[in-house]
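Structure, as structure tokens:
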Amino acid sequence: MRHGLLKTLACVLPLLLAGAAGAVEPDEVLDDPVLEQRARDLSAEIRCVVCQNESIDSSNAEIARELRLLVRERLVAGDSDRQVLDYLVARYGDYVLLRPPMKPTTYLLWFGPFVMLALGALGVFVYFRQLRAAPAQPPRLSAEEEVRLARLLDEEDPTKE
């Protein structure tokens with residue numbers, strides 16, 4: 001059993017380490033370690049437009065690679081981190097940022113899930129309130145209705161003739 005656990009760890013550990021390394025390929029890495037670190041930090045903030053919930057730093061999509069190269073080109077050209085982000089936002093919109101800024105055009109993005117949660121909770125509350133307010137048993141028949149029901153049942157029951 002212990003031997004099997006070691007085999008499992010030997011198989012899983014490389015996969016976990018590969019995921020942590022990101023998708024940056026060796027030919028993308030800048031020679032200047034300071035610029036490279038800035039590029040990695042920026043890449044972690046930028047959304048892959050194909051993978052959507054992954055940063056370009058961890059995405060293997062071709063567009064993510066192109067964006068990583070673009071970030072590095074802009075940094076080598078002397079752009080500040082803000083200028084690089086502004087350039088990407090101008091091309092792709094706020095969507096390209098994993099943490100979009102809070103402004104009127106992104107309010108739905110920021111508050112939409114909370115509004116949907118509140119509406120869902122309100123719907124559940126109204127449902128259970130109506131369920132509680134509904135009578136547990138149907139109302140009793142009046143004497144006249146009971147006589148009419150008995151007459152109808154007698155007419156339909158063929159064994160009573």
Side-chain angles (χ1 to χ4, degrees), residues 1-140:
M1 175 156 164
R2 189 173 185 188
H3 193 62
L5 181 64
L6 289 175
K7 279 184 177 179
T8 304
L9 281 176
C11 291
V12 172
L13 194 58
L15 294 174
L16 293 174
L17 293 176
V24 177
E25 297 176 19
D27 63 328
E28 299 174 20
V29 177
L30 295 173
D31 293 333
D32 184 355
V34 174
L35 280 181
E36 178 58 27
Q37 186 58 47
R38 283 178 57 202
R40 296 298 299 261
D41 291 344
L42 282 171
S43 295
E45 299 285 323
I46 300 167
R47 178 190 315 268
C48 175
V49 293
V50 173
C51 303
Q52 299 186 1
N53 252 355
E54 269 188 276
S55 69
I56 61 170
D57 195 53
S58 59
S59 172
N60 289 320
E62 185 59 30
I63 186 84
R65 175 180 161 77
E66 291 172 9
L67 288 174
R68 287 192 302 266
L69 292 172
L70 178 67
V71 166
R72 284 167 172 77
E73 286 174 14
R74 304 286 301 191
L75 289 176
V76 168
D79 283 1
S80 69
D81 293 356
R82 183 77 259 157
Q83 288 172 318
V84 172
L85 291 176
D86 289 344
Y87 178 79
L88 290 173
V89 168
R91 287 182 74 180
Y92 297 101
D94 290 324
Y95 176 77
V96 78
L97 301 174
L98 280 173
R99 290 184 294 162
M102 177 95 58
K103 58 186 185 181
T105 57
T106 61
Y107 284 163
L108 185 62
L109 183 66
W110 281 99
F111 302 115
F114 298 111
V115 169
M116 294 301 292
L117 183 64
L119 289 174
L122 180 66
V124 168
F125 174 76
V126 168
Y127 172 77
F128 282 110
R129 187 177 174 112
Q130 287 178 347
L131 198 61
R132 182 180 291 174
Q137 294 184 358
R140 295 190 56 91

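As a basis for the values below, the full set of heavy atoms in this structure was taken, side chains included, without hydrogen atoms, waters or symmetry mates. The model shown is predicted, which means the values in this text are computed figures rather than measured ones.
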[X] vs [Y] side-chain heavy atoms within contact, under 4.5 Å:
| X | Y | answer |
| --- | --- | --- |
| L88 | L97 | no |
| L42 | L75 | yes |
| S43 | V24 | no |
| I56 | V96 | no |

Rounded to the nearest 0.5 Å, how far apart are CZ of R132 and OH of Y127?
->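 Answer rounded to 0.5 Å: 13.0 Å.
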
Determine yes or no for a side-chain-to-main-chain donor-acceptor pair under 3.5 angstrom, with S80 supplying the side chain and Q83 the backbone.
->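 Yes; judged by distance alone, with no hydrogens or angles, the pair exists.
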
Sequence neighbours excluded - salt bridge (charged side-chain N to carboxylate O under 4.0 Å, His left out) pairs with any residue from residues 86-107 =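 Sorted pair list: E45-R99, R82-D86, D94-K103.
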
Give the intermediate values and the outcome of side chain to side chain contact (heavy atoms under 4.5 Å, CB included) for residues L70 and V84.
-> CA-CA 9 Å; L70 178 67; V84 172; over 6 Å; no

Any pair counted as side-chain hydrogen bond (donor to acceptor under 3.5 Å, both in side chains), so long as it reaches residues 65-78, sequence neighbours left out |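 Counting only pairs at least two positions apart or across chains, the side-chain hydrogen bond (donor to acceptor under 3.5 Å, both in side chains) contacts touching residues 65-78 are E25-R65, D27-R65, E28-R65, E28-R68, E36-R72, R74-D79.
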
Partner set under side chain to side chain contact (heavy atoms under 4.5 Å, CB included) for [X], not counting sequence neighbours:
| X | answer |
| --- | --- |
| M102 | Y107, W110, F111 |
| F128 | V124, L131 |
| V34 | D32 |
| A61 | C48, V50, C51, S59, I63, A64 |

Scan residues 49-100 for pairs that pass ring pair (Phe, Tyr, Trp, His ring centres under 6.0 Å), counting only residues two or more places apart or in two chains.
->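 Residue pairs with at least one partner in residues 49-100: there are none.
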
Does atom CG of L108 have more than 12 heavy-atom neighbours, drawn from other residues, nucleotides or ligands, at distances under 6.0 Å?
->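 Atom CG in L108 is not crowded, with 12 or fewer foreign heavy atoms closer than 6.0 Å.
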
Only counting residues at least two apart or in another chain, list the ones meeting side-chain hydrogen bond (donor to acceptor under 3.5 Å, both in side chains) with D41.
->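 Q37.
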
